[in-house]
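Structure first, commentary second.
All values below come from the heavy atoms of this structure, side chains included, with hydrogens, waters and symmetry mates left out.
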Amino acid sequence: MNEEGPRQTPWWRRFARAWTEIDPRALGMFRIAFGMLCVYDVLRRYQWIETFYSNTGVLSNHFSLFRPHSAYNFSFLFTFSNPEEVKVFFIVTIACLVMFTLGLFTKFFHVICMLCIISIHSRNVLLENGGDVVNNLWWLWTLWLPLGARFSLDALRKGLKAGRGERSVDLVKPLGTNQIPVRSLALFAILCQLSVIYFFNTFHKSGPAWMDGTALAYFFEQDRTASQFGQWVKEIIPMWLVKGLSWGTLVIEGFAPLLLLTPIFTKWARRVFILTLVLLHVSIWLLSDVGLFSPTMMVSYFLLLCAADLALIKRVFRRLAGPPIGVWYDGECGLSFFFARVGRCLDRLERVTWRGTGDDPAPEGWSGERLATERVQGIIVGDPSGRIWTGHRAVVRIISALPFGRLVSWVFLVPGLSHLAGWAHGHFSARRKSIGVWAGCAESAVEPPIVALAQPTTGAQRLLGRVGGTLSLVVLLFFMAATTYQNLVENPLMRKHFDVEQPNWSKRAVQYGRFFQGWSMFAPDPPKRDGHLVMDVELPDGTHVDPQTMKPPVMAAANFELMNWDQMWGSFSLRIATKRNVSYRAEFSKWLRNPNIRRLGFPKGQKVKGFKVYYIGDYSPAPGSGAEPKIYETQLIMEWPPPARRSD
């Protein structure tokens with residue numbers, strides 16, 4: 001009798017698993033992290049609404065539409081004029097992002113948030129950077145993934161609906177969860193996108209500074225994008241370490257596509273990828289202020305976590321949640337039973353046992369009579385050591401046992417707030433049965449309610465599902481083709497080897513969504529020149545002030561100590577000085593002359609008599625020379641009143 005050995009996995013299945021399968025828990029973690037990052041992105045722009053996103057700012061709607069920066073541009077903000085209207089749009093966007101992060105009607109809010117974020121990024125493209133483009137791309141590619149399948153309010157609602165026939169005794173059983181991986185071509189698109197970003201960023205770093213290892217030294221000389229920490233590191237880091245880190249960057253980025261796409265040793269390859277790339281991006285984020293490129297890249301790494309990684313994370317969080325606890329609640333109260341069901345759905349760490357029947361064992365040291373008396377008054381929480389919590393402290397202990405619960409539970413133990421929470425809990429507990437009746441909860445959870453049987457799926461519904469799935473796949477393939485064309489025409493390496501004319505449909509798809517594919521960060525060399533604006537504004541009393549610093553203008557090379565602005569103003573001030581954006585300077589001049597708005601350090605009502613705006617460019621000193629930057633250009637880019645009017 002011949003015994004067959006274990007079958008080897010076919011090669012095509014290895015590729016399919018590596019490129020198209022993803023754990024639904026990873027999708028939920030990505031949604032939460034990405035949503036929070038986008039909320040922060042919108043909040044950091046809020047202070048710039050009047051300056052960059054309204055008609056009173058440096059670029060009005062009508063001028064942006066009259067002279068667009070690209071042929072195809074889309075933004076809801078083109079219909080909002082004054083700052084108050086734009087603030088409402090920003091607040092609505094943040095509210096939608098919160099709903100997306102919580103996972104309530106996830107797909108609907110995914111589409112709304114995507115359109116709102118692209119609208120903000122497209123309103124003034126002089127602020128755009130690589131982080132904005134990657135952010136837009138993650139909104140696009142994850143549109144085909146079920147981001148609300150886990151760790152979401154949608155999943156909670158689905159779980160409660162599926163358990164409508166449960167009784168209190170059923171809550172003692174562990175909650176079963178679906179661990180079947182999601183299969184989607186969208187994951188392949190994301191892996192390709194990450195690989196393309198790192199491949200071209202590596203290949204284009206072909207300049208002398210990267211080859212001799214001095215690239216990081218020139219990076220430190222960029223005062224316009226420097227951070228406080230970066231300036232400190234610049235003063236103490238030895239040259240041998242500068243070279244090692246420069247070459248290490250090439251190695252890490254160069255191996256990234258291989259680690260991402262390999263169908264063998266996938267788990268460990270992606271673990272190495274996540275570890276090394278997180279170290280790289282955290283370093284970039286700490287050493288410079290170049291927008292949110294690094295955190296936007298890192299947030300996508302949640303999509304690379306496998307079941308083994310998530311099991312390890314779960315073990316860590318189980319330790320942080322403390323010992324397991326038992327919760328005794330009034331099983332005859334419909335509202336208490338409902339909250340127990342909600343808590344069971346949220347207990348993904350499996351640290352809570354829910355006890356709502358008369359047959360439950362009492363907490364250690366308690367009699368059955370005492371348990372019956374106390375249970376009617378409110379919930380009781382106990383742990384294996386014999387500790388008991390009651391009242392609002394029992395609720396706090398339950399919250400602490402849930403994932404990330406300790407981040408919020410401590411608030412209800414702060415003196416003052418603890419007293420208020422105890423008072424609210426006491427009043428709620430005394431009225432919970434009447435509140436449950438008002439809310440539509442059954443008065444008793446001991447007997448199971450009657451549950452209607454699920455209706456079988458009809459043939460028309462199955463046909464509609466197939467048609468919808470096919471159309472969804474066609475749209476995904478459309479955008480994959482559009483971004484592929486963009487890669488061929490936007491990256492110098494591809495233009496060198498492929499003479500491709502980009503079709504108009506591809507241009508429209510890419511430019512409307514800002515899904516660009518040009519990846520050459522600090523390439524072929526880090527900038528060896530720096531520069532900044534100097535604004536010499538004359539006030540009515542004859543004094544001269546630079547509104548960027550609120551000090552007398554200093555006609556010197558870029559200096560980190562004087563340039564105390566963020567990435568938004570840094571990007572705008574650099575681009576407004578280029579020849580490509582000469583036509584936008586009239587709007588800039590109009591903004592600077594307007595006394596009815598706040599302009600950087602100038603308060604509302606501050607009039608100006610005249611101004612000259614200069615761009616001062618300087619060469620960065622050679623690494624290790626200890627020399628000062630050398631000015632090579634002092635260009636007057638804007639003057640008001642014009643010289644002819646001054647002579648009059």
Aromatic centroids of Phe588 and Trp591 separated by under 6.0 Å: yes

Validation row, ring centre Phe74 to ring centre Tyr512 under 6.0 Å: no

Residue list, side-chain contact (heavy atoms from CB on, under 4.5 Å) with Met480, at least two apart or on another chain: Trp141, Leu185, Phe188, Ala189, Leu476, Leu477

NZ/NE/NH1/NH2 to OD/OE distance under 4.0 Å, Arg495 and Glu490: no

Option passing side chain to side chain donor-acceptor pair (under 3.5 Å) with His121 (candidates Asn129, Asp41, Asn135): Asp41

Aromatic plane relationship, Trp569 with Phe572 - under 30° parallel, 30 to 60° tilted, over 60° perpendicular: tilted

Derivation and outcome, side chain to side chain donor-acceptor pair (under 3.5 Å), residues His69 and Asn124: CA-CA 9 Å; His69 210 266; Asn124 192 335; over 6 Å; no

Validation row, ring centre Phe80 to ring centre Phe78 under 6.0 Å: no

Lys/Arg cation over aromatic Tyr218: Lys528, 6.0 Å, 45° cone: yes

Counterpart residues, side-chain contact (heavy atoms from CB on, under 4.5 Å), relative to Tyr40 (two or more places apart): Arg44, Leu292

Euclidean distance, Asp566 CG relative to Ser227 OG, rounded to 0.5 Å: 13.5 Å

Arg580 CZ to Arg575 CZ distance, which is reported to the nearest 0.5 Å: 9.0 Å

Geometric class of the His281/Tyr198 ring pair [parallel <30°, tilted 30-60°, perpendicular >60°]: tilted

Verdict with reasoning, Gln231 to Glu561, per side chain to side chain donor-acceptor pair (under 3.5 Å): CA-CA 10 Å; Gln231 288 294 297; Glu561 299 299 330; over 6 Å; no

Gap separating the CZ atom of Phe199 from the CG atom of Asn487, nearest 0.5 angstrom: 10.5 Å

Residue pair Leu303 / Leu187: nearest heavy atoms and the distance that separates them: O-CD1, 4.4 Å

His62-Phe66 aromatic ring centre distance below 6.0 Å: no

Heavy-atom closest pair, residues Leu143 and Met114: CD2-SD, 4.5 Å

Inter-residue atom distance Phe90.CZ - Tyr53.OH, 0.5 Å rounding: 5.5 Å

Side-chain donor-acceptor contact under 3.5 Å, Thr578 with Asn581: yes

Lys/Arg-Asp/Glu bridge criterion (N-O < 4.0 Å) met for Asp309, Arg271: yes

Residue list, side-chain contact (heavy atoms from CB on, under 4.5 Å) with Ala481, at least two apart or on another chain: Trp505

Side chain to side chain donor-acceptor pair (under 3.5 Å) assessment of Trp138 paired with Thr296: CA-CA 9 Å; Trp138 293 161; Thr296 306; over 6 Å; no

Mutual orientation of the aromatic rings belonging to Trp139 and Phe100 [parallel < 30°, tilted 30-60°, perpendicular > 60°]: tilted

Ring geometry between Tyr584 and Phe63 (parallel below 30°, tilted from 30 to 60°, perpendicular above 60°): perpendicular

